[in-house]
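Here's the structure we're looking at; comments come further down.
In what follows, every chain begins at residue 1, and chains take the letters A, B, ... in the order their sequences are listed.
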Protein chains: 2
Amino acid sequence: MTVNVPLYQAKAELFRTLGHPVRIRVLELLQAGPRPVHELLAEIDVESSNLSQQLAVLRRAGLVSSSRDGAAVLYTLSTPAVAQLLLSGRRILASMLADQEGLLAELRESADTV
Amino acid sequence: MTVNVPLYQAKAELFRTLGHPVRIRVLELLQAGPRPVHELLAEIDVESSNLSQQLAVLRRAGLVSSSRDGAAVLYTLSTPAVAQLLLSGRRILASMLADQEGLLAELRESADTV
DNA sequence: ACCGTATATGAAGACTTCTTCAAGTGATGT
DNA sequence: ACATCACTTGAAGAAGTCTTCATATACGGT
């Protein structure tokens with residue numbers, strides 16, 4: 001999937017994989033170390049089958065890997081480089097919010113989700 | 001769009017915005033400085049109306065801003081932090097390819113685009 | 001005023017991704 | 001062997017994104 005494909009396309013796929021709130025939360029939780037699914041489930045507000053689906057997306061993309069631990073399944077970040085990426089994301093958001101402070105009022109005039 | 005919304009959702013939206021090959025290429029080209037649309041068009045293999053659509057996505061997300069320069073329109077990165085993010089992306093890809101070198105053969109058995 | 005080049009926009013259909021549901025597997029305790 | 005807990009999977013409709021086409025706007029030159 002990330003192999004044998006133009007670089008910018010592989011990059012787009014990587015970012016697209018991160019483009020989902022549940023997947024972001026999973027990766028953030030996994031930064032602190034491996035965790036079983038039921039712990040993730042306790043912290044993320046989502047149905048268990050949905051969480052499984054999203055974990056499968058992360059697995060296919062190679063961002064996490066899983067291993068069985070008794071009845072539980074442990075998930076682990078495949079590379080600590082993921083933490084860097086999330087950090088950069090946080091920085092951009094911060095820098096954009098700073099820039100846009102003046103626009104706040106204007107934005108609030110339209111509906112929340114616009 | 002990035003305002004008034006849980007942080008992890010804002011982050012997901014940011015990453016989703018990056019999740020398109022044309023948009024990635026645009027951002028990478030803009031790292032070197034502002035550029036008019038026709039120059040981007042010359043380097044990215046895409047129809048001009050499609051490029052416009054993708055530029056609009058980047059504008060709405062606040063990642064770039066545009067200004068007119070005569071008949072041309074110049075696009076600029078809104079924040080240099082974007083460069084960091086792209087760099088992190090590149091690093092992850094590198095570290096994943098390194099990990100997966102052993103899987104190369106296996107992957108090549110399936111079709112190119114799988 | 002008109003033409004050409006540069007760019008943007010709206011709308012429609014194809015395509016992809018999301019969520020949910022029902023059913024499935026595997027491990028543990030009784 | 002059975003029940004239960006932990007997790008995964010496949011399928012289907014809803015929702016979202018992409019690409020393309022036709023049309024629109026802005027500017028500069030003649």
**Fill in**
By nearest-heavy-atom nucleotide on DNA chain D, the more 5' of R59(A) and R23(B) is R59(A)
**Asked** Does CZ in R90(B) sit with more than 12 non-hydrogen atoms of other residues, nucleotides or ligands closer than 6.0 Å?
**Response** yes
**Message:** Quick check for you: among dC18(C), dT20(C), dT7(C), whose closest atom lies nearest to any side-chain atom of H20(A)?
**Reply:** dC18(C)
**Request:** Assess the side chains of S88(B) and S88(A): does a donor N or O sit below 3.5 Å from an acceptor N or O?
**Result:** yes
**Atom pair distance, as rounded to whole Å: CG in L55(A) and P in dT19(C)** = 13 Å
**Request:** Round to a whole Å and report the spacing from CG of L51(B) to C1' of dT7(C).
**Result:** 9 Å
**Fill in**
In the 5' to 3' direction, the nucleotides of DNA chain D bounding the stretch that comes under 4.0 Å of a heavy atom in chain B are dT17(D) to dG28(D)
**Asked** To the nearest angstrom, how far is E13(A) atom CD from dT16(C) atom C1'?
**Response** 12 Å
**Item:** Spacing of L74(B) atom CG relative to dT7(C) atom P, expressed in whole Å
**Value:** 9 Å
**Item:** Side chain R25(A), main chain E43(A), donor-acceptor under 3.5 Å
**Value:** yes
**Prompt:** Y75(B) and V26(B): side-chain contact (heavy atoms from CB on, under 4.5 Å), yes or no, with the steps?
**Reply:** CA-CA 9 Å; Y75(B) 277 84; V26(B) 166; 5.9 Å; no
**Message:** Is it the case that the side chain of S78(B) and the backbone of G62(B) share a donor-acceptor pair, with hydrogens and angles ignored and the cut-off at 3.5 Å?
**Reply:** yes
**Message:** Go through it in stages, so that I can follow the logic: the residues are L85(B) and F15(A), the test is side-chain contact (heavy atoms from CB on, under 4.5 Å), and I'd like the CA-CA distance, side-chain angles, deciding distance and then a yes or no.
**Reply:** CA-CA 10 Å; L85(B) 192 64; F15(A) 286 122; 4.3 Å; yes
**Asked** Does the side chain of Y75(B) get closer than 4.0 angstrom to OP1 or OP2 of dA8(C) through an N or O atom?
**Response** yes
**Item:** DNA chain C: 5'-proximal contact among D69(A) and S66(B) (nearest heavy atom)
**Value:** S66(B)
**Value in whole Å for how far the P atom of dT17(C) lies from CZ of R16(B)** = 11 Å
**Item:** Whether R23(A) side chain and T17(A) backbone form a donor-acceptor pair below 3.5 Å
**Value:** yes
**Fill in**
Rounded to whole Å, CD of Q53(A) lies from C1' of dA22(C) at a distance of 12 Å
**Request:** Using only side-chain N and O atoms of R68(A), determine if any of them is under 4.0 Å from OP1 or OP2 of dT25(C).
**Result:** no
